[in-house]
Protein chains: 2
Amino acid sequence: MAHSPKRKLFLDLVLSLFRLNGLLVAEGDQMAEALGLTSARWKVIGVVALANSGVTVPGIARVLGQSRQAVQRITDVMEKDGLLRYQENPDHKRSVLVCLTDEGQNVYTALRAVQDPWAIENTEDVPVEELEIGLQLVRRLIHKFDR
Amino acid sequence: MAHSPKRKLFLDLVLSLFRLNGLLVAEGDQMAEALGLTSARWKVIGVVALANSGVTVPGIARVLGQSRQAVQRITDVMEKDGLLRYQENPDHKRSVLVCLTDEGQNVYTALRAVQDPWAIENTEDVPVEELEIGLQLVRRLIHKFDR
DNA sequence: GTGTAAATGACAACATGCTGCTTAATGTCT
DNA sequence: AGACATTAAGCAGCATGTTGTCATTTACAC
């Protein structure tokens, strides 16, 4: 395979990405645990919090690149737990808007207090250029596969 | 957060990694589908094929960074399907060795015929340096989280 | 307007992964 | 040899994510 050293490089990368994904989910679970969250809810609350106005369930799914059914189940539980609130959507009779409740806002704030130091700590000894190139590569691959 | 531009960079990277993971699993499912495999079985058969001698189930799990139960269920199905074979382990009375059957070897060969062009195609317009730095970053993060 | 395509919700079936528990085999230290 | 820790299997329960199907609502082209 001398004419394509990239091949093995790429396959190594893919295998490593699978592994890193598992570790990141575990990290998310650990960080969110103290707040009564899980990694899946961590992802969802992040999307809802960043959208200052409400977002629909399929909208969250599109941002996360997941199925709307998977997101729906998470939001249903979080609504029951009082973190999210469904609000009438003037633009759509059936598709309600998902918003943070006050409690949800508090939890998100607490989450940030854990998440931000985590992010800073884990990039302390990583050069900015490496992060930038890595993100560029990941985005490039996402764009390649997301059709 | 002016003193840590890395923070947002890193969080963006993590979110993108979640998404890329989902897309990669979908790619794996699509490639493996014609061979009657799934992405999970794709991962397992790859590990078994690379270990010319047999490997134990917990051994596969360690390579993939997954729980042994998750791997065990996959190997059980693949053994029933005739792709894998359990072989007595002289070093351990209970922990058998997992090997490829002839059919498993054929499937793996067919898999390579799909997987290698896929890898080459998806790196055509990506500079080698970007792949190398990306892999380095991913490995760095794995090492950071894998304790 | 009307008809068709796309988006959404609701429900079900299934694959993949995790943890916790108990029991058995293996390795190590004294 | 005996005690102890480690590693492994097997089983159960659960979280997360996927696909498929169907009915309803919305969007768009004609």
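Legend: residues meeting salt bridge (Lys or Arg N to Asp or Glu O under 4.0 Å) with B:E132, ordered by chain and number and at least two apart, are absent. Every residue was checked against the salt bridge (Lys or Arg N to Asp or Glu O under 4.0 Å) condition with A:D102, not counting sequence neighbours, and none meets it. Every residue two or more places apart in sequence or in another chain was checked for a salt bridge (Lys or Arg N to Asp or Glu O under 4.0 Å) with B:E103, and none qualifies.
Side-chain contact check for B:T101 versus B:L84: every heavy-atom pair is 4.5 Å or farther apart. Counting only heavy atoms from C-beta outward, the side chains of A:L111 and A:Q115 approach each other to under 4.5 Å. Counting heavy atoms from C-beta on, the side chains of B:F145 and A:L20 come closer than 4.5 Å. At a threshold of 4.5 Å between non-hydrogen side-chain atoms, the residues B:D125 and A:K144 count as touching. No side-chain heavy atom of B:N21 sits under 4.5 Å from any side-chain heavy atom of A:L17. Counting heavy atoms from C-beta outward, B:R19 and B:S16 have side chains that stay 4.5 Å or more apart.
Each end of the helix from C:dG1-D:dC30 to C:dT30-D:dA1 yields a helix axis from five base pairs, and these two axes differ in direction by 40° (to the nearest 10 degrees).
Residue pairs that meet the side chain to side chain donor-acceptor pair (under 3.5 Å) test with at least one member in residues 62-79 of chain A, sequence neighbours left out, are A:Q72-A:D76, A:T75-A:Y86, A:D76-A:Y86.
Residues from residues 47-60 of chain A lying near DNA chain D, meaning a heavy-atom separation below 4.0 Å, are absent. Residues of residues 79-93 of chain A having a heavy atom closer than 4.0 Å to DNA chain D, listed by number: A:H92, A:K93.
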Show me the donor-acceptor pairs, under 3.5 Å and distance only, between side chains in residues 23-36 of chain B and residues at least two apart or in other chains.
| unit_1 | atom_1 | unit_2 | atom_2 | d |
| --- | --- | --- | --- | --- |
| B:E27 | OE1 | B:W118 | NE1 | 2.8 |
| B:D29 | OD1 | B:S39 | N | 2.8 |
| B:D29 | OD1 | B:S39 | OG | 3.1 |

Can I get a per-line list of side-chain donor-acceptor pairs under 3.5 Å for residues 8-15 of chain A, giving both atom names and the distance, sequence neighbours left out?
| unit_1 | atom_1 | unit_2 | atom_2 | d |
| --- | --- | --- | --- | --- |
| A:K8 | NZ | A:D12 | OD1 | 3.2 |
| A:K8 | NZ | A:D12 | OD2 | 3.1 |

Exercise answer: donor-acceptor pairs, residues 90-97 of chain A side-chain atoms, under 3.5 Å, sequence neighbours excluded:
| unit_1 | atom_1 | unit_2 | atom_2 | d |
| --- | --- | --- | --- | --- |
| A:H92 | ND1 | A:R94 | N | 3.2 |
| A:H92 | ND1 | A:S95 | N | 3.0 |

Taking protein heavy atoms under 4.0 Å as touching, what does nucleotides 13-21 of chain C look like 5' to 3' if B marks base contact, S marks sugar-phosphate-only contact and - marks none?
---BBSBBB

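Of all nucleotides in DNA chain D having an atom under 4.0 Å from a heavy atom of chain A, the first and last in 5' to 3' order are D:dT16 to D:dT26.
What separates CG of A:L97 from C1' of C:dG9 is a distance of 15 Å, to the nearest Å.
Listed pair A:S95 / C:dG9 meets the phosphate criterion, a side-chain N or O lying under 4.0 Å from OP1 or OP2.
A salt bridge is absent between A:K6 and B:E124: the closest approach of a Lys/Arg side-chain nitrogen to an acidic carboxylate oxygen does not fall below 4.0 angstrom.
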